[in-house]
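Presented below is the structure to which this report refers.
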Amino acid sequence: MRSQTSLGATLVLVAGLCLAGAPPLAAAQEPERAPVHAATLVEVVLHDGSRLYGTIVSDDPGQLIVRTPGGAVVTVPRQQVRSLRPAAGRVEHGEYLPLEANATRLIFGPTARSLGRGKAYLGVYEFLMPFVQVGVTDRFSIGGGTPLLFGFDAGQRPFWITPKLQIVNGARTQVAVGAFQTLGSGAGGVGYVVASHGGARGSLTAGAGVTYGVDGGRSRIVMLGGQRQVKRNLALISESYLWGHGRGVASGG
């Protein structure tokens, strides 16, 4: 498999790896409560779908008082509270910032962060490449897909599988290995190792891989990318690739 083919396979690879979504909150007859400490940042969901973030000032049977990150004190009647639980986010400069929803990927390429156990995501690239990824454990996920194209002969439809294993999970540094393996006609794939370093607000990711094909061809490719959350719902992302004989591509969004 030569460099142009290996680049295409790699872009398909990174498109098939990663974003984890959290399950929706379930409605309950009584307010859903998770154990929280008074100093813990909490998420309060009301029956009308409104959400409050802050710390608990007072929690009585009749009312809940919450101090928001900006310092406002809000009193909510208990019967309006649907759920109360620790918030999956952080406060910076008086503003609540949710955790990055797409931490396991950049634009297309994988990061070393792992999809949690029981979490999954489904995506489609260019309306033709659907893929799904499922967290089997907190460190191992697997997925796959097939093109939304018709006309393949029996037994010739290509499809791919995308295992990914996190081997290092430090406070600020993670390392993972994985593969994009195509099956069917023109079987081949990419094996890679990727490392990410940073915190919840931003990180840098570097990876290296080798493409391979049934003809025994090999090609190396490296990737460098990163992301930086600048506002609650806005992040800057960059992702660049370099492969044989100094050719490459850069992207950002």
Side-chain angles (χ1 to χ4, degrees), residues 18-105 111-123 132-141 166 168-174 176 196-203 226-237:
C18 28
L19 174 200
L25 295 171
Q29 295 299 319
E30 297 296 331
E32 179 185 345
R33 303 190 61 181
V36 295
H37 187 271
T40 300
L41 183 68
V42 298
E43 176 189 58
V44 182
V45 181
L46 307 184
H47 285 292
D48 65 2
S50 302
R51 296 172 187 263
L52 290 173
Y53 298 94
T55 55
I56 296 175
V57 176
S58 176
D59 186 3
D60 298 323
Q63 66 181 16
L64 175 69
I65 302 177
V66 176
R67 187 184 306 276
T68 70
V73 177
V74 181
T75 300
V76 182
R78 256 295 173 184
Q79 65 268 23
Q80 295 184 13
V81 177
R82 187 176 77 182
S83 67
L84 170 64
R85 61 182 65 194
R90 65 198 187 281
V91 174
E92 290 189 11
H93 308 297
E95 180 184 8
Y96 172 75
L97 297 176
L99 293 181
E100 170 60 52
N102 300 325
T104 65
R105 56 180 273 186
T111 71
R113 293 173 177 178
S114 183
L115 191 63
R117 177 182 179 181
K119 294 186 177 182
Y121 65 84
L122 173 67
V132 63
Q133 192 82 2
V134 178
V136 180
T137 72
D138 286 338
R139 292 200 175 193
F140 177 73
S141 65
Q166 187 182 71
V168 174
N169 185 23
R172 293 182 60 83
T173 301
Q174 299 82 37
S196 297
H197 178 77
R201 185 150 190 161
S203 64
Q227 65 87 19
R228 175 72 175 178
Q229 186 174 6
V230 294
K231 291 186 178 296
R232 179 189 295 254
N233 294 315
L234 177 64
L236 303 178
I237 306 177

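For this chain, numbers begin at 1 and follow the sequence in order.
Residue R139 comes nearest to S114 through the heavy atom pair CA-OG, 3.4 Å, listed as atom of the first residue, atom of the second, then distance. The shortest non-hydrogen separation linking G54 to P69 is CA-CD, 4.2 Å. Nearest heavy atom pair, residue R113 against residue G202, reads NH2-O, 4.5 Å. For the residue pair G135 and S141, the shortest heavy atom distance occurs at CA-CB, 3.9 Å. Here the closest non-hydrogen pair linking A112 and S196 is N-OG, 2.9 Å.
Of the residues listed (I56, V74, T75), the one engaging L64 in a side-chain contact (heavy atoms from CB on, under 4.5 Å) is I56, and it is the only one.
Put simply, CZ on R228 and CG on L234 are 12.0 Å apart, with the number rounded to the nearest 0.5 Å. With rounding to the nearest 0.5 angstrom, the OG1 atom of T137 is 10.0 Å from the CG atom of L115.
In this structure, the side chain of D138 engages the main chain of R117 through a donor-acceptor pair within 3.5 Å. A donor-acceptor contact shorter than 3.5 Å links the side chain of D48 to the backbone of S50. Under the 3.5 Å distance criterion, the side-chain polar atoms of Q80 are left unmatched by any main-chain donor or acceptor of H47. Judged by distance alone, the side chain of T111 and the main-chain N or O of A103 form a donor-acceptor pair under 3.5 Å.
A salt bridge links R78 with D59: the distance from a Lys NZ or Arg NE/NH1/NH2 to an Asp or Glu carboxylate oxygen falls below 4.0 Å.
The environment of CZ in R67 is sparse: at most 12 heavy-atom neighbours from other residues, nucleotides or ligands sit within 6.0 Å.
Taking the side chain as every heavy atom from C-beta outward, L46 and V76 approach each other to under 4.5 Å. In this structure, the side chains of Q174 and S203 stay at 4.5 Å or more apart for every pair of heavy atoms.
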